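Here is the structure we will look at.
Keep in mind the model is a prediction, meaning the values are calculated, not measured.
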Amino acid sequence: MSKPLIEFCNGNMHHGTETLMKQYELDDRLKVVEYGCLGNCGECYLKPFALVDGSIIAAETIEDLERRIREAFSLKKN
């Protein structure tokens with residue numbers, strides 16, 4: 001079974017996504033990758049986001065992003 005993939009954009013770290021990325025890197029059930037750019041520049045500038053198994057998940061706050069990422073995993077487990 002493959003691990004869920006979470007991709008982070010280096011240009012989005014000013015929103016606090018670095019904290020989430022480091023947290024998820026410690027979880028052996030996940031594959032976490034950081035890129036210089038994910039090509040989502042408009043949204044990247046405005047709010048925190050990550051790609052989860054190829055789908056963009058964005059939120060207004062880092063706390064909301066974390067919740068949405070967790071929800072995405074819950075939906076995929078069912």
Side-chain angles (χ1 to χ4, degrees):
M1 187 166 149
S2 65
K3 296 178 181 183
L5 174 63
I6 306 174
E7 299 168 274
F8 290 94
C9 177
N10 186 275
N12 194 249
M13 297 298 173
H14 66 280
H15 287 292
T17 55
E18 183 175 19
T19 303
L20 282 182
M21 183 181 73
K22 288 183 178 185
Q23 173 185 329
Y24 293 144
E25 284 176 333
L26 298 174
D27 190 333
D28 290 337
R29 299 170 297 169
L30 306 172
K31 180 175 180 181
V32 178
V33 180
E34 177 185 359
Y35 292 102
C37 180
L38 289 171
N40 193 34
C41 300
E43 197 156 26
C44 181
Y45 176 77
L46 296 174
K47 58 180 95 173
F49 86 98
L51 284 179
V52 177
D53 286 337
S55 297
I56 294 173
I57 296 185
E60 295 299 321
T61 66
I62 196 68
E63 294 83 12
D64 194 30
L65 178 62
E66 181 177 17
R67 181 185 58 77
R68 289 176 186 219
I69 290 172
R70 290 188 187 281
E71 285 175 357
F73 292 137
S74 294
L75 291 173
K76 292 177 185 195
K77 289 179 183 175
N78 292 334

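The nearest pair of heavy atoms linking C44 to C9 is SG-SG, 3.8 Å. Of all heavy-atom pairs spanning E34 and N10, the tightest one is OE2-ND2, 2.6 Å. Nearest heavy-atom pair across A50 and I69 is CB-CD1, 4.1 Å. Here the closest non-hydrogen pair linking R68 and I57 is CB-CG2, 3.6 Å.
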M21 and V32: CA distance, side-chain angles, deciding distance, side chain to side chain contact (heavy atoms under 4.5 Å, CB included) verdict:
CA-CA 7 Å; M21 183 181 73; V32 178; 3.6 Å; yes

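Clustering of Ile, Leu, Val, Met, Phe, Trp and Tyr by side-chain heavy atoms under 4.5 Å joins V33 with L5, Y35, L38, F49, L51, I56.
Remark: T19 engages no residue in a side chain to side chain contact (heavy atoms under 4.5 Å, CB included) (not counting sequence neighbours). K31 pairs by the salt bridge (Lys or Arg N to Asp or Glu O under 4.0 Å) definition with nothing, not counting sequence neighbours. Residues passing the side chain to side chain donor-acceptor pair (under 3.5 Å) test with R67 are D64, E71, sequence neighbours excluded. Take L46 and apply the side chain to side chain contact (heavy atoms under 4.5 Å, CB included) test, not counting sequence neighbours, and it matches no residue. Qualifying salt bridge (Lys or Arg N to Asp or Glu O under 4.0 Å) partners for E66, counting only residues two or more places apart in sequence or in other chains: R70. Not counting sequence neighbours, E25 has no partner by the salt bridge (Lys or Arg N to Asp or Glu O under 4.0 Å) test.
The backbone N or O of P48 sits nowhere less than 3.5 Å from a side-chain atom of T17 that would complete a donor-acceptor pair. Side-chain atoms of K47 never come within 3.5 Å of backbone atoms of T61 as a donor-acceptor pair (strictly under, hydrogens ignored).
Considering NE2 of H15 and CG of L20, their distance stands at 12.5 Å, rounded to 0.5 Å.
Taking the six-membered ring where tryptophan is involved, the planes of Y24 and F8 are essentially parallel, since the angle between them stays under 30° and well short of 60°.
Pairs engaging residues 7-19 under the salt bridge (Lys or Arg N to Asp or Glu O under 4.0 Å) rule: E18-K22 [sequence neighbours left out].
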